[in-house]
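What follows is a single structure, written as structure tokens, with notes after it.
In the text below, chain A, chain B and the rest are named by the order of the sequence lines, each starting its count at 1.
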Amino acid sequence: MTISGWAEVALTLALILLAAWPVGLHIARAVEGERTFLHPILAPLERVLYAAAGVDPERGMGWQSYASALLVLNALHFLMLYAMLRLQWVLPLNPDHLAGMSPRLAFNTAMSFVTNTNWQAYSGETTLSPGSQMWGLTSHMFVSAGTGIAAAVALARAFARGGMETLGNFWADLTRIVLYVLVPIAIVAGLALVALGVPQTLATHADATTLEGAQQTISMGPVALMEAIKELGTNGGGYFNANSAHPFENPNAWSSLLEMLLVFLIPIGLTFTFGRIVGDPRQGHALLAVIGIFVVAAVACAYAAEAHANPLLTALGVDPPQGNLEGKEIRFGIPLSVLFNVITTATSCGAVNAMLDSFMPLGGMVPMFLIQLGEIVPGGVGSGLYGLLVFALLAVFVAGLMVGRTPEYLGKKIQAKEVKLAMLAVLILPLSILGGTALSLVLPQVAASLGNAGPHGLSEMLYAFTSATGNNGSAFAGLSADTPWLDTTLGIAMLLGRFAFLVPVLALAGSLAAKVKVPASSGTFPTHGPLFVGLLVGVIVILGGLQFMPALALGPLAEHFVLFAGKTY
Amino acid sequence: MLRDLRPAAILVVLLTLLTGVVLPLATTGLATAAFPFQARGSLVARDGKIIGSALIGQNFTAARYFHPRPSATTEPDPKDSSKTVPVPYAADNSAGSNLAPTAKALIDRVKADLAAAGAAPVPADAVTTSASGLDPEISPENATRQVARVAAARHWPEATVRAVLAAHTRLPVLGFIGERRVNVLELNRALDEVRAP
Amino acid sequence: MATHAKAAAIALLDGPILTRAMADAVRKLDPRQLVRNPVIFVTEAISALVTVLGLRTIATGGSGGFALAIAAFLWLTVLFATFAEAVAEGRGRARADSLRRARTETLAKRLLNPADRALFEPTRANDLAVGDHVLVEAGDLIPSDGEVAEGMASVNESAITGESAPVIREAGGDRSAVTGGTQVVSDWLVVRITAAPGATFLDRMIRLVEGAERRKTPNEIALDILLAGLTIIFLIAVVTLVGLAHYSGTALGVPVLAALLVCLIPTTIGGLLSAIGIAGMDRLVRFNVMATSGRAVEAAGDVDTLLLDKTGTITLGNRMAAAFIPAPGVSERDLAEAVVLASLGDETPEGRSILAFARDRYAIAPTRPETATIVPFTAQTRLSGLDHDGHSWRKGAVDSVRQWLGGAEAPAGFTAAAERIARAGGTPLAVARDRQLLGAIELKDIVKSGIRERFAELRRMGIRTVMVTGDNRLTAAAIASEAGVDDFIAEATPQDKLTYIRRVQGEGRLVAMAGDGTNDAPALAQADVGMAMQTGTQAAREAGNMVDLDSDPTKLIEVVEIGKQLLITRGALTTFSIANDISKYFAILPAIFVAAYPELGALNVMHLASPQSAILAAVIFNALIIVALVPLALRGVRFRPIGASALLRRNLLVYGLGGIVAPFAGIKLIDTLLALTGLA
């Protein structure tokens, strides 16, 4: 680790904080239908959308209606993408005449993009046409991000007042988030990325003759806009197979910095949105502090691990100061590689600018553990906030009893129903992650997909189900994931991780919204301030993380000790 | 649920048109107008012929050129399309090695590369593959070790090569943003343009 | 609380109770009963599984010793959990036994005609129907709960309240309720039976303290769901470990997995949860308050608004003389002498306090002139006085005295004094002699000493106090500020109380109040915690969800504390239990994986002697911690009125951090002992 490396980390995090604050407040204004500076341009478009769809944006929805609207829209969107991927060969903007995807890969990919996971069992530049990348994947990145933010906003509203019957209008929430938040930022960021070197063209490739006279086919396409929304919506699905490590997705340190900023912009901003919606900014700050602690700790751990050279290579005569450079790009070095991957796995983005599979065991464990915590610090756009709130409820419930009152969070009493719904949501994680991993590892034909042997092989499989369930989408990419078993089970893991979590959360929102809001007093459990922050950190680690300890012990932890004992597989 | 079908279907279609068609096309238009070079892939030409992209690494094997990092990219095997063969810097199929730090394959590969790399200690980037397989850059340490070979192959004094290298070594902005690095294509192209002393 | 000390006679861990609890603990192993407690039920199922497997291994000639050792401690874990519950119940049962003695079968004298006390037939108490009238004479036990229809008697209620001084019960008014099992010590009563056999207050109390009617409280249910959820999570983690270990080339035996699972699931809180609930009820019982349900006790902890009657709770029962203020031109001494004469006819406590004040301050003895005619105080005239030698002295309410004076305008100085007294929260009385107004007496409510500090303490706990009084606003405001309450209801009618409760409940607050009269019943029923006085009417006792056997409304404050203590104990032990998991991972994981990856021995940070001793030590610690915490579960974690933040910080430090650290030490110690004794 170097001082300049940490300075880079500090600068990035500071810029993120600075940018996230106004964005968070803007989101709060936009979803509540308040006028923003964008209204003169976009309000007519918003009205047209409502009129065409026949929805009344003012009509409040109870949690069942809200959930139903959300699920129906996402189901249709899934079907549409599935059809587009299968029918790619007849659709326009396919100059290289690429074939349609196989049914199982199309299922996996459509599920991946509708759940905001963006797991890539395909290789972008060789499988998908610019058309598919645009109206198939890029449009999903907007809508799945909007869905997550809408659900988080609905939950936040449940804390705002007492005795409410509705959570807002899903159609209006989604439309407003897409129009007033995602589209404008994506355009500006997309153009900025082009300026930094990211292509945005309808051409699919350029043919070059190298100085040595060899031929090189250079793939390209409408990358910049997709790159912008991929980061902004914490989607993570890259235009290219190598994702943000590809020089066309991420040409230099500045683009890396901008992309990290975009990834954290909304998840961090939403803590400010939350503070504004519940009418107490300090509540948002407390959540932000929790996020900050996890992110800084994760960066420190991963940085320490990766700055250390692979001892096996050092023994062979490789110079150690550059750290563990296998699978990393020179322009990012260790600090930006570590920071980028911590940021994209702390959120559900899953973009990578270095190959996690080649990370040191503990360096790779950090992203995995961040996702296993529930993808909540700060997690995906929206999904992170509602996940974090679920843990906040559990933390308040467990420890809140210790002040001698029925626990309450922001004036809403947490009782049997809330605990039941929160546990239901939380249960999905171990069930899908550990269940999927264990089942896959005992099937001999599935173990053949592993790209590496020994404990690292277990890590690869564990990471796949962790990433799918956490809707992250990054991978220990040595795993050959396009197999019938993995396409299907990982698709199901993504489905569970997204919607089996989301529905109980909306039910929770409905139940909380209806409750009276108990006024705070000196007998109230204070949910801001360092004490609560420390408590929530502890509860997330113990309730969210510890159940994965045995699995991690057999994967990255074992590999770590084995590596330093000099073993190979 | 059923009454949600109509608004859902209409919104899906309209939002897809907006964010999947109008927006990408508009961005492409704006980008091409404002930043034509970058938008089209930062392509570099010599004598009117495209020799590559300033951002994409390419393979150099001749002694007179600086060599890039090893690359793990592959192409389908022309003999059997279900298999792949290693093709370094295949810019239409980016990929990393995805080898674990404990992978025997990694150790074996590095061993082989080290044998060709000269005296230890060897800079790490000379024997490790990048994440994309298309890394256009190497570390100054890696480049410096190649100066003698390049100079010998070109029958130049080492100082000349070293001067070109120094001119094309990029440093971190403000001393901490980014890394010290050398773009291999840019450096090799500059070498070719140097009038032989 | 000295008066309640008698109830604490049952020691925390009494010998006979423990003996009986041990037997009960075994009986409670019945899975049909245990299924109510998911964590312990799972533990029992696993214990059985490991036992069977261990025995089978031995039967087939294998070495099942380790499995059986684990099984033994898993069974012990279950047994300790049931034992904790049995001990808690045992303490209630001791109390129930003493209550049951009061229910000895007596023959009641059932009147054939309620109007005729002479004609009755002996009827067994159990055969009495609601509406029957019975005669109870001196020395008789009252056969069942009822309402006094006729007569007045002193009744010894010590069987219920533990208080031996007899109380008066009479027909009509607020002292008409009698309780079955209490004894008439003088005179007689005709009682109309109001409770069906088996549904009397005594029966209810017995069932309550025995825990027979114990239902899970809302909070307990929520906690149970959390614990069940955690159990499922760890079940998934442990079951899937089989697949992961298989890949890693190691086979994990069932006993080892069972040990891991039981150590991870929250057995500590799971085992103690019901004991904590029972003990909470028991604390209330020993405090001489009967709650009709655990829900009420829990609600008491949540209460954030206390409605307290002014008289008797905030102030001493009666107003007392505090000053004599002469009218212009009258000397203080003259006034004092006149006051004494005028007050000789006032037998009320207020009148007596005036005479006492005159004696203490002016050394005037209350001597009655021989030929004087006393005019006694009545509620109608609101005057007392004395006629002697052709002179008349009168003392009483200001308007009554002025009326007696013929409605003449009072001197300005007097009116000002009277107003000043009223503003200060006192009551002015006027004193006159022969048509001349002599001055005023200031009667004051005396706020109980220490009550102000008590309310400040409540405020720090986040509880608002509201004073309820029949006084006018002015008086009420003055007393309210002197006592330091947060709000008051002046000129309160029962309807006002009800309205107030509904309003603050609408704001999301929980309200507690005490009451005794029939017209308190609606408010008692509406309040989240309604504590009726044992001396109160049957209607009040049925409307509330608690009955205070000591009839002391100030106890409401302690009841709130007991409720909080119950919740705190649950939270503390849950936190402790969950925090324990960290150390158990460090004990068990290296032990079970060391075969697959010897390098994982590095995680054995406690340097436990061997894999087997590590696993056993964790399991043993997990079992022992339950018994070790039984006293805490029964006693409850102390509540400190230091505000939520400070309380939370303290408890998090003790039970959260302590929960992380303690098992490291405990497991290491047990492991060392196991290694020394060569047991593992």
Side chain / backbone / both / neither for I582(C) at chain A, heavy atoms under 4.5 Å: both
From the list L647(C), D581(C), I236(C), the residue making the most non-hydrogen contacts under 4.5 Å with chain A is I236(C)
With no hydrogens and no angle check, is any side-chain donor or acceptor of N622(C) less than 3.5 Å from a backbone partner on V262(C)? yes
Residue from A551(A), P455(A), G435(A), G555(A) scoring the most non-hydrogen pairs under 4.5 Å with chain C is P455(A)
Applying a strict 4.5 Å limit to non-hydrogen atoms, the region of L235(C) in contact with chain A is neither
Under 4.5 Å from any heavy atom of chain C - which part of F397(A): side chain
Tell me if a side-chain donor or acceptor on K412(A) pairs with a main-chain N or O of L512(A) at a distance below 3.5 Å. yes
Side chain, backbone, both or neither: which part of R459(C) has an atom under 4.5 Å from a heavy atom of chain A? backbone
Can you confirm whether or not the ring centre of H528(A) sits under 6.0 Å from the ring centre of F532(A)? no
Would you say the side chain of L563(A) lies within less than 4.5 Å of the side chain of N310(A), judging by non-hydrogen atoms? yes
Of the backbone (N, CA, C, O) and the side chain (C-beta and beyond), which part of M423(A) lies under 4.5 Å from a heavy atom of chain C, both, or neither? side chain
Closer than 3.5 angstrom, by distance alone: can the side chain of K564(C) be matched with the main-chain N or O of G301(C) as a donor-acceptor pair? yes
Toward chain C, the part of K420(A) with a non-hydrogen atom under 4.5 Å: both
Counting heavy-atom pairs under 4.5 angstrom with chain C, the leader among A438(A), P407(A), A422(A) is A438(A)
Contact class of A553(A) relative to chain C, heavy atoms under 4.5 angstrom: both
Proximal component of K515(A), with respect to chain C [non-hydrogen, under 4.5 Å]: neither
Between H456(A) and Y463(A), does the ring centre distance come in under 6.0 Å? no
Do you see a donor-acceptor pair shorter than 3.5 Å between the side chains of E418(A) and S511(A)? yes
Counting only N and O atoms by type, is there a donor-acceptor contact under 3.5 Å from the side chain of E599(C) to the main-chain atoms of A565(A)? no
Residue from G643(C), A596(C), G243(C), A644(C) scoring the most non-hydrogen pairs under 4.5 Å with chain A is A644(C)
Can you tell me which of G457(A), P519(A), A520(A) forms the most heavy-atom pairs within a distance under 4.5 Å of chain C? P519(A)
Identify which of A300(C), P218(C), S248(C) forms the greatest number of heavy-atom pairs closer than 4.5 Å to chain A. S248(C)
What part of L431(A) is in contact with chain C, defined as an atom under 4.5 angstrom from a non-hydrogen atom: side chain, backbone, both or neither? both
So what's closer than 4.5 Å to chain C heavy atoms on A453(A): side chain, backbone, both or neither? backbone
Give, as side chain, backbone, both or neither, the part of P526(A) having an atom under 4.5 angstrom from any heavy atom of chain C. side chain
Is there a donor-acceptor pair under 3.5 Å between the side chain of N651(C) and the backbone N or O of M402(A)? yes
Which atoms of Q547(A) come close to chain C, meaning under 4.5 Å heavy atom to heavy atom: side chain ones, backbone ones, both, or neither? both
Under 3.5 Å: donor-acceptor pair, side chain of S432(A), backbone of L429(A): no
Pick from V398(A), L546(A), L427(A), T524(A): which one has the most heavy-atom pairs with chain C under 4.5 Å? L546(A)
Would you mind checking which part of K567(A) comes under 4.5 Å of any heavy atom in chain C, side chain (CB onward), backbone (N, CA, C, O), both or neither? side chain
Counting heavy-atom pairs closer than 4.5 Å to chain A, which one of T574(C), V303(C), L652(C), I660(C) comes out on top? L652(C)
By a 4.5 Å heavy-atom criterion (distance strictly below it), what part of L424(A) contacts chain C: side chain, backbone, both, or neither? neither
Heavy-atom check, side chain of V446(A) versus side chain of L441(A), under 4.5 Å: no
E298(C)/R570(C) ion pair, N-O < 4.0 Å: yes
Please look at L552(A) and chain C and tell me whether the side chain, the backbone, both or neither of the residue comes under 4.5 angstrom of a heavy atom of that chain. neither
Only pairs of heavy atoms separated by less than 4.5 Å count here; which of E408(A), M549(A), K413(A) has the most with chain C? M549(A)
So which part of T406(A) gets closer than 4.5 Å to some heavy atom of chain C, the side chain, the backbone, both or neither? both
Contact origin within D304(C) toward chain A - heavy atom pairs under 4.5 Å: side chain
Any salt bridge linking E457(C) with R454(C)? Criterion: basic side-chain nitrogen under 4.0 Å from a carboxylate oxygen. yes
For P590(C) and Y585(C) the tightest heavy-atom approach is CD-O, 3.5 Å
Greatest number of heavy atom pairs closer than 4.5 Å to chain A - which of I221(C), V560(C), V238(C), I578(C): I578(C)
Checking V516(A) against chain C: side chain, backbone, both or neither under 4.5 Å from a heavy atom? side chain
What residue, out of V442(A), V518(A), I433(A), L434(A), has the most heavy-atom pairs lying under 4.5 Å from chain C? L434(A)
Checked I588(C), L589(C), L603(C) vs chain A; the most non-hydrogen pairs under 4.5 Å come from L589(C)
No-hydrogen, no-angle side-chain donor-acceptor test under 3.5 Å, Q283(A) and T527(A): yes
Would you call the rings of F586(C) and F664(C) parallel, tilted or perpendicular if under 30° counts as parallel and over 60° as perpendicular? tilted
Verify whether the ring centers belonging to F159(A) and Y409(A) lie closer than 6.0 Å. yes
Give a yes-or-no answer on whether the side chains of Q565(C) and R283(C) include a donor-acceptor pair shorter than 3.5 Å. yes
Residue part contacting chain A, namely of L230(C), when any heavy atom lies under 4.5 Å: both
